[in-house]
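Report on the structure given below.
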Amino acid sequence: MTRPTLMQSIPLLICFALANASVLSAEQPPHTTEPLWPDGIPGVELTGVGDVPELIITRADADAPTAAVVILPGGGYGGHAMGHEGYEFAAWFHSMGMSSAICTYRLRGKGNDGKGYGHPAPMQDAQRAIQTLRARAKELNIDPNRIGVIGFSAGGHLCSTVSTHFADADPASSDPVQRVSSRPDFSILCYAVLSLGKPHTHKGSQRNLLGDNPDPALLASLDTPTQVSEKTPPTFLFHTAKDTAVPVENSLLYYRACVDHKVPVEMHLFNDGAHGLGLAKKVDGANQWPGLCQTWLTRLGMVNP
């Protein structure tokens, strides 16, 4: 498979390369790390670096069951921006009284004897992460009907994928995780790669996920604005007009699809801010989005007012 060139990778990789150097520089709430597939991934026997996706779970301090969210960091399906799109958001959700689990889904990085992983591995991992929280809701003090997902950039594409493609519950399964549905109860898409096979597609993310010459039917099935249905959960979108890595058209089309299918949706667009903003603390205008998102989560009943 042809690898993305350095120049093609820079727009999505430069931000998280720096952030990961100080991934735990800020004070973090306590968390635990465990394998996503403790009994092994079906069909995968490798256990090297990149072969074993994990859940990094941060539990809220609460007596009653809380809402929870699966966090999918970006990185062009070639890496994980664990700092500003992972641990910082675990702390942010914790501050709101929500539990979270960062999912280090498989991707076109290390692993699989150097070949990396493309579709469907990331989708399977993200679906499994949602199912895991739901299946273990009592143990983790989580409300199984208030479990959502947030994704950034290519992680946003994965977030939209699991918001439009669901692993149905299998009550007869011997695996308790598979006995519950993967459908999230809400979805937050941050400067997300959403369209595939379009002029405004981020080509590096598409290549890492599907290769150089993807099957047209598969490509179309992962062009997520076209996959939105009435089953898509309530959605929040955030993007900037000056994002040159992942054009704002991605969010505009997904928003329109939600409106057309009567999916509750809220979108906030800002002029200033490059790609990979995370919480956007130092960007006037865009730094409003976390507060707007918290208000939205409160209206949904995910955060206590």
Side-chain angles (χ1 to χ4, degrees), residues 19 23-33 55-74 81-104 126 129-130 132-134 136-153 155-156 158-160 162-163 183-192 233-239 264-268 270 273 276-283 285-305:
V23 70
L24 291 174
S25 59
E27 184 176 351
Q28 298 291 319
H31 59 267
T32 59
T33 302
L55 283 181
I56 303 167
I57 299 174
T58 301
R59 297 178 59 171
D61 300 320
D63 295 327
T66 70
V69 58
V70 170
I71 301 172
L72 302 172
M82 292 296 288
H84 70 295
E85 293 172 357
Y87 289 105
E88 285 192 17
F89 278 87
W92 182 60
F93 285 114
H94 185 268
S95 74
M96 290 187 281
M98 295 176 66
S99 292
S100 68
I102 304 170
C103 177
T104 59
I130 298 166
T132 297
L133 294 188
R134 186 162 284 139
R136 295 172 55 190
K138 185 175 181 180
E139 170 198 346
L140 297 173
N141 197 31
I142 290 170
D143 183 343
N145 298 312
R146 292 193 294 157
I147 298 174
V149 62
I150 185 172
F152 308 84
S153 192
L158 183 54
C159 181
S160 70
V162 297
S163 298
R183 180 187 178 274
D185 297 302
F186 62 90
S187 180
I188 303 172
L189 304 173
C190 303
Y191 43 87
T235 299
F236 181 100
L237 299 106
F238 151 60
H239 219 126
V265 61
E266 182 166 319
M267 178 169 65
H268 294 279
F270 302 91
L277 287 176
L279 288 167
K281 296 176 182 178
K282 298 181 180 180
V283 181
N287 59 7
Q288 300 176 56
W289 90 261
L292 293 166
C293 187
Q294 181 171 348
T295 299
W296 177 78
L297 286 167
T298 302
R299 290 201 307 274
L300 283 184
M302 303 299 163
V303 175
N304 293 329

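The first residue of the sequence shown is numbered 1, and numbering continues consecutively from there.
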Once rounded to the nearest 0.5 Å, what's the spacing between atom CZ of Phe93 and atom CD1 of Ile188? 4.5 Å
Within this structure, what is the CG-SG distance for the pair Leu158 and Cys103, rounded to the nearest 0.5 Å? 7.5 Å
With Arg59, which residues qualify under side chain to side chain contact (heavy atoms under 4.5 Å, CB included), at least two apart? Ile57, Ser99, Leu140, Asn141
My understanding is that only residues two or more places apart in sequence, or in another chain, count here; which of them pass side chain to side chain contact (heavy atoms under 4.5 Å, CB included) with Pro29? Thr58, Ala91, His94
Should the ring pair Phe152 and Phe89 be called parallel, tilted or perpendicular, given that the plane angle runs from 0 to 90° and is split at 30 and 60? tilted
Kindly list each side-chain donor-acceptor pair under 3.5 angstrom involving residues 285-294, sequence neighbours excluded, with atom names and distances?
from: Asn287; atom 1: OD1; to: Gly285; atom 2: N; distance (Å): 3.3
from: Gln288; atom 1: NE2; to: Gly285; atom 2: O; distance (Å): 3.4
from: Trp289; atom 1: NE1; to: Gly278; atom 2: O; distance (Å): 3.0

Output all residues satisfying side chain to side chain contact (heavy atoms under 4.5 Å, CB included) with Thr33, sequence neighbours left out; order by chain, then residue number. His31, Glu54, Ile56
Here the gap from Cys190 atom SG to Glu85 atom CD, rounded to the nearest 0.5 Å, amounts to 8.0 Å
Quick one: side chain to side chain donor-acceptor pair (under 3.5 Å) partners of Ser187, sequence neighbours excluded? Ser163
Hey, what do you get for NE2 (His84) to CG (Leu277), rounding to the nearest 0.5 Å? 8.0 Å
Name the orientation class of the two ring planes belonging to His268 and Phe236 (parallel below 30°, tilted from 30 to 60°, perpendicular beyond 60°). tilted
To the nearest 0.5 Å, atom CD of Glu266 lies from atom OG1 of Thr295 at 8.5 Å
Under the side chain to side chain donor-acceptor pair (under 3.5 Å) test, residues paired with Arg134 that sit two or more places apart: Asp185
